[in-house]
Each structure stands twice: as C-alpha cells, then as structure tokens.
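Note sheet for the following structure.
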Amino acid sequence: KRCPNMVDAHKKDFLWREEFEPEVAAKRLVRYWEYKYNLFGPDKCFLPINLRVMMDDLGALSRGVLQLLPTKDDFGRAILYLNPSRLDLSQDSNESM
C-alpha cells in the first residue's frame, strides 16, 4: 500500500526467478519485503536504498562492519559479511546497521 510503484517495478523479476509461477513468485515477493522491512525498519524500508538514505550508517560502514567479500557464491552472487565486532555501540544507534 505504501509503495506500489516499487513492487510493480520488480514483479517481472520475481516471476522470472520462479519460472513464471505466480503463487511462488508472490510468496518470494512477500518474503523480500518482510526481510527488507526487518533489515531497514519502517523509516527506510520503502525508500530507495542509497548513501543518502544510509547516512546514519556511514560510520559503521567505514569501520568495516559490512564487507563485500572478493569471492562469489556458487550461483555467482555477491557475499556480504557482517562483522559485529566492528560495531561501536557508543557511536552506532540502535537503528544503525
């Protein structure tokens, strides 16, 4: 309800990934939005994720809390590593990372 244009832009991607099985694609789409909501929270979930939106996370990002590994998984996808030991609880808010 909050961002139908964002959902519409990705419908074909989810259908393609699930070999055009609409029920399976719809379930994947719901899981995606649930995960994104849990990861970014209600304030950032429906925004395009870019550096402007992530400004309160820049400190944690610059300390290497989240790292892009140089290798890919067996399906060619990028691997992100979350290193919680690099979090600084005196600087990072609860909403950060």
Side-chain angles (χ1 to χ4, degrees):
K1 291 180 180 180
R2 288 188 59 181
C3 58
N5 57 325
M6 290 179 78
V7 173
D8 288 342
H10 296 288
K11 280 182 188 175
K12 287 183 184 178
D13 297 332
F14 286 89
L15 282 166
W16 177 84
R17 175 65 181 93
E18 297 300 342
E19 298 179 355
F20 295 91
E21 293 287 337
E23 287 183 32
V24 181
K27 288 177 184 177
R28 179 180 285 270
L29 183 65
V30 168
R31 281 193 317 268
Y32 167 81
W33 282 104
E34 287 173 345
Y35 182 79
K36 191 172 179 185
Y37 184 88
N38 289 330
L39 184 63
F40 294 108
D43 295 331
K44 294 181 184 176
C45 176
F46 303 107
L47 299 173
I49 301 302
N50 56 38
L51 283 178
R52 182 175 295 136
V53 172
M54 303 295 290
M55 287 302 285
D56 59 335
D57 297 316
L58 286 181
L61 290 170
S62 68
R63 286 190 305 281
V65 172
L66 190 62
Q67 300 171 6
L68 179 64
L69 298 182
T71 59
K72 297 186 184 261
D73 72 4
D74 292 339
F75 298 98
R77 298 174 295 196
I79 301 172
L80 292 175
Y81 172 66
L82 178 67
N83 187 347
S85 69
R86 294 192 178 225
L87 278 172
D88 182 347
L89 299 178
S90 67
Q91 295 180 24
D92 300 323
S93 67
N94 288 341
E95 292 80 27
S96 177
M97 299 306 257

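For the numbers below, each heavy atom of this structure counts, side chains included, while hydrogens, waters and symmetry mates do not.
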Notebook entry, point to check: With Y32, which residues qualify under ring pair (Phe, Tyr, Trp, His ring centres under 6.0 Å), at least two apart?
Noted result: F14
Note to self: So E23 and E18, do their side chains get closer than 4.5 Å, heavy atoms only?
What the structure shows: no
Notebook entry, point to check: What is the distance from atom OG1 of T71 to atom CD1 of I79, rounded to the nearest 0.5 Å?
Noted result: 4.5 Å
Check: Which other residues belong to the hydrophobic cluster containing F75, where Ile, Leu, Val, Met, Phe, Trp and Tyr are joined when side-chain heavy atoms lie under 4.5 Å apart, directly or via other members?
Finding: none
Note to self: Could you work out, with salt bridge (Lys or Arg N to Asp or Glu O under 4.0 Å) as the rule, every residue matching D74, not counting sequence neighbours?
What the structure shows: none
Note to self: Under the rule for side chain to side chain donor-acceptor pair (under 3.5 Å), what residues qualify as partners of R31, not counting sequence neighbours?
What the structure shows: none
Next item on the list: May I ask whether L69 and L80 are part of the same hydrophobic cluster, defined by side-chain heavy atoms of I, L, V, M, F, W, Y residues being less than 4.5 angstrom apart, directly or through others?
Entry: no
Margin query: As an exercise, state the distance from CZ of F20 to NZ of K12, rounded to the nearest 0.5 Å.
Written below: 8.5 Å
Next item on the list: Would you kindly confirm whether Y81 and L68 end up in one hydrophobic cluster when ILVMFWY residues are joined by side chain heavy atoms under 4.5 Å apart?
Entry: no
Notebook entry, point to check: Residues in salt bridge (Lys or Arg N to Asp or Glu O under 4.0 Å) with E34, at least two apart?
Noted result: none
Check: How would you list, by chain and number, every residue that makes a salt bridge (Lys or Arg N to Asp or Glu O under 4.0 Å) with R17, sequence neighbours excluded?
Finding: none
Check: To the nearest 0.5 Å, how far apart are CZ in R86 and CG in L66?
Finding: 11.5 Å
Check: Can you name the closest pair of heavy atoms from D43 and L47 and give their distance?
Finding: O-CD1, 3.4 Å
Check: Would you say N83 and V65 make side-chain contact, with heavy atoms under 4.5 Å?
Finding: no
Item checked: Parallel, tilted or perpendicular: rings of W33 and F46 (30°, 60°) -> parallel
